[in-house]
Amino acid sequence: MPKTKRRKKAEPAALQMSTAEATVATLIAHGIDTVYALPGVHNDHLFDAFHGAGDRLRVVHTRHEQGAAYMALGAALATGKPQAYSVVPGPGLLNSGAALLTAFGMNAPVLALIGQIPAGKIGKGFGYLHEIRDQAGIIARLVDHSARIDGPGEAAAKTARAIRSMHEGRYGPAALECAIDVWGKRGAVAPIAPPRPPRTPKIDDDAVRAAAKLLGDAKRVLIVAGGGAQDASPEVTLLSKMLQAPVMAYRRGRGVLDGRYPFSVTPPIGRDLWKEADVVLAIGTRLNAATAWGVDRGLAVVRVDADPDEPARYSKPKVALIGDAAPILRRLIERLDRFNRRRVSREDEMKGRQARLRERLAKLAPQLGFVDAIRRELPEDGIYVDDVTQIGFVARIAMPVYRPRTFLSPGFQDNLGWGYATALGAQCARPDTPVLSISGDGGFLYTSNELATAIRHRIPLVGIVFNDGAFGNVRRIQQERFGNRLIASDLANPDFVKYAESFGAAGRRARNPEELGAALRLAFARPEPTLIEVPVGPMQSPWEFIHMPPVRGPARRRLP
Ligand SMILES: Cc1ncc(C[n+]2csc(CCOP(=O)(O)OP(=O)(O)O)c2C)c(N)n1
Ligand SMILES: [Mg+2]
């Protein structure tokens, strides 16, 4: 048969666009409607494209690059959706570095859009404005996916790939750089494609059956929830009921099981349960408990993780299920129906454990008084953002969290000063949800300059600063372990009420939990940027409830 020339389906006509315009159009096509940013000459064309996007894109400019990156992080954690920030190269990138590092540690989908020196001059060491040696190499170390955009024709594809990488497999940040003379370059750009759905790994049915059998036969299951379980709350809740299994969470998994259930536990109870468990089901967590408290032959571990490398990192689990937690757990629940034994209610047992913990925590009464006041006033769906401070440490083990994504804590980086700007981003992305940031006087001044951003962009964040005039945690360690040889731990502070007012925010002072409760009630009733200073004295150490010795064989390290 003679070959007939088939007419190719007409391709939609390419558009003439700049690299920056194609990048921005791709961000918008992927549902990114806000960029947290600090401008500079390297990114002028990018900002001009932001301007050109009109109502489809909001630019929230901050007063320091760390603020922009933390805001994107907070927005990502509060929404579970990809977020973007933009900074100049060199110092701008490095200023945002701690937030990008924290986003990596927290598997948060944050896209960094970073400028670069002129394309032809990269790597030559001439000393161009903001030049940094091997910027591409630096960002490649900080995130799993990075690339340089080299022209308008490839901008959309590279941006789309970067965004997809952030929520495929193990979530995490991505970084794109683009040279000062490339953002503005115009050329033919194919029509911007709608986002492709992320690839999802096939669920391994044999492994699910093995896990269901193990869990179904088990007598005492402990579920451990991490950040990767935040979108699987209904499934974890159902599994907890089916298996009569408590759910332990510490920093990232709080709120996956409603904290009002006695089955919702934190490490002080979790360690006892770990000791008694015959099977642990670990969902979206690095399972630091295993390395801190030990694993002996009597304990079988089932891991559910998006990252195939994670489950066997410290010790090989009995079963590893790879992929997003929710669909895997749904399959597990179906299978478990067949294997699960009849179970007696553990409700009274769990209530007893909770009551005994509350008694044990009596020595932390000063912190608990404030934690309780916060819980009483923060609405059920309100988002709480912690920092590395005394009240924060106690909240991690003692404040009930009612819903997923309402307790933000920086994970293993435990990055002092992350809180205020991260909370600002959460509040910006969730304008109708009350957000509360708590900090110590040490942590707060890391990003307190972003009070100006709260005012400029009308972000009604409520912040509390617990002021003990010290890096209190450091000071207590010096007192207790170094014979009171105090060094570099006392602080000179501003008057925080006046400080807030000088920005145009509401400033209040509360001297005890009752006054804090009243101040919070007022602040949540009348949304405006508010800072509440709470003067406090030295506090008892919470660490005996967090750094606990092993209970099942040798530990490999402490719970961080
Ligand atoms: C980026 C970073 N730098 C330093 C530390 C070490 N660090 C942990 S707690 C702390 C003191 C915190 O002081 P403050 O915010 O006032 O809280 P307090 O302990 O007084 O309640 C320091 C310096 C850290 N965790 N992260
Ligand atoms: Mg302090």
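Start at 1 and go down the list; that is how both ligands and their atoms are numbered. As the structure is a prediction and not an experimental result, all values here were calculated from the model.
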Practice item. Could you find the nearest protein heavy atom to atom 17 (O) of ligand 1 and give me its residue, atom name and distance? Key: Thr389 OG1, 3.4 Å
Practice item. Report, rounded to 10°, the angle at the Mg ion (ligand 2) between the two atoms OD1 (Asp441) and O (Ala470). Key: 100°
Exercise for review: Can you pull out the closest protein heavy atom to atom 20 (O) of ligand 1? Residue, atom name and distance to 0.1 Å, please.
Suggested key: Gly472 N, 2.7 Å
Revision key, fill the gap. Interatomic distance, CD@Glu450 vs CZ@Phe503, rounded to 0.5 Å, equals 9.0 Å
Review point. Within the structure, does Leu491 bring an N/O atom to less than 3.5 angstrom of an N/O atom in ligand 1?
Key: no
Review point. If we ignore angles and hydrogens, is there a donor and acceptor under 3.5 Å between the side chains of Gln116 and Glu177?
Key: yes
Check your understanding: When you check the gap from the basic side-chain N to the acidic O, do Glu544 and Lys363 get nearer than 4.0 Å?
Key -> yes
Practice item. Classify the contact between Asp414 and ligand 1 as side chain, backbone, both or neither, using a heavy-atom distance cut-off of under 4.0 Å. Key: backbone
Check your understanding: Under 6.0 Å from the six-membered ring centre of Tyr402 and within 45° of its axis: does the NZ or CZ of Arg260 meet both?
Key -> yes
Check your understanding: Does atom CZ of Arg170 have more than 12 heavy-atom neighbours from other groups under 6.0 Å away?
Key -> yes
Review point. What is the nearest protein non-hydrogen atom to atom 1 (C) of ligand 1, stated with its residue, atom name and distance?
Key: Asn415 OD1, 3.6 Å
Review point. What part of Asp441, side chain, backbone, both or neither, has a heavy atom within less than 4.0 angstrom of ligand 1?
Key: both
Practice item. Could you list the atoms of ligand 1 found under 4.0 angstrom from a heavy atom of Asp468? Key: 20 (O)
Point to revise | Backbone or side-chain N or O of Leu416 under 3.5 Å from ligand 1 N or O | key: yes
Practice item. Give the contacting part of Ala470 toward ligand 1: side chain, backbone, both or neither, where contact means a heavy-atom distance below 4.0 Å. Key: backbone
Point to revise | atom 8 (C) of ligand 1 [closest protein heavy-atom partner, distance rounded to 0.1 Å] | key: Val388 CG1, 3.9 Å
Exercise for review: Output yes when Arg358 and Asp372 qualify as a salt bridge under the 4.0 Å nitrogen-oxygen rule, no when they do not.
Suggested key: yes
Check your understanding: Quick one: does Tyr446 get a heavy atom under 4.0 Å from ligand 1?
Key -> yes
Check your understanding: In terms of side-chain heavy atoms, does Thr34 have a donor or acceptor partner in Gln83 at a distance below 3.5 Å?
Key -> no
Practice item. Could you find the nearest protein heavy atom to atom 14 (P) of ligand 1 and give me its residue, atom name and distance? Key: Gly442 N, 3.5 Å
Practice item. For Asn473, counting its heavy atoms only, list the atoms of ligand 1 lying under 4.0 Å from any of them. Key: 9 (S), 19 (O)
Exercise for review: Using a distance threshold of 4.0 Å (strictly less than), state whether atom 6 (C) of ligand 1 has a protein heavy-atom neighbour.
Suggested key: no
Review point. What is the closest protein heavy atom to atom 15 (O) of ligand 1, and at what distance does it sit?
Key: Gly443 N, 2.8 Å
Point to revise | Whether over 12 other heavy atoms sit under 6.0 Å from Arg58 CZ | key: yes
**Study point:** Distance-only donor-acceptor check, side chains Trp293 and Asn288, under 3.5 Å
**Key:** no
Check your understanding: Would you say the side chains of Arg252 and Ser409 form a donor-acceptor pair under 3.5 Å?
Key -> no
**Study point:** Minimum-distance atom from the Mg ion (ligand 2) among N, O or S atoms of Asp468
**Key:** OD1
Review point. Should the pair Asp495-Arg509 be classified as a salt bridge under the 4.0 Å nitrogen-to-oxygen rule?
Key: yes
Practice item. List every atom of ligand 1 that sits less than 4.0 Å from any heavy atom of Val474, numbering the atoms from 1 in the order shown and giving each element. Key: 10 (C), 22 (C), 23 (C)
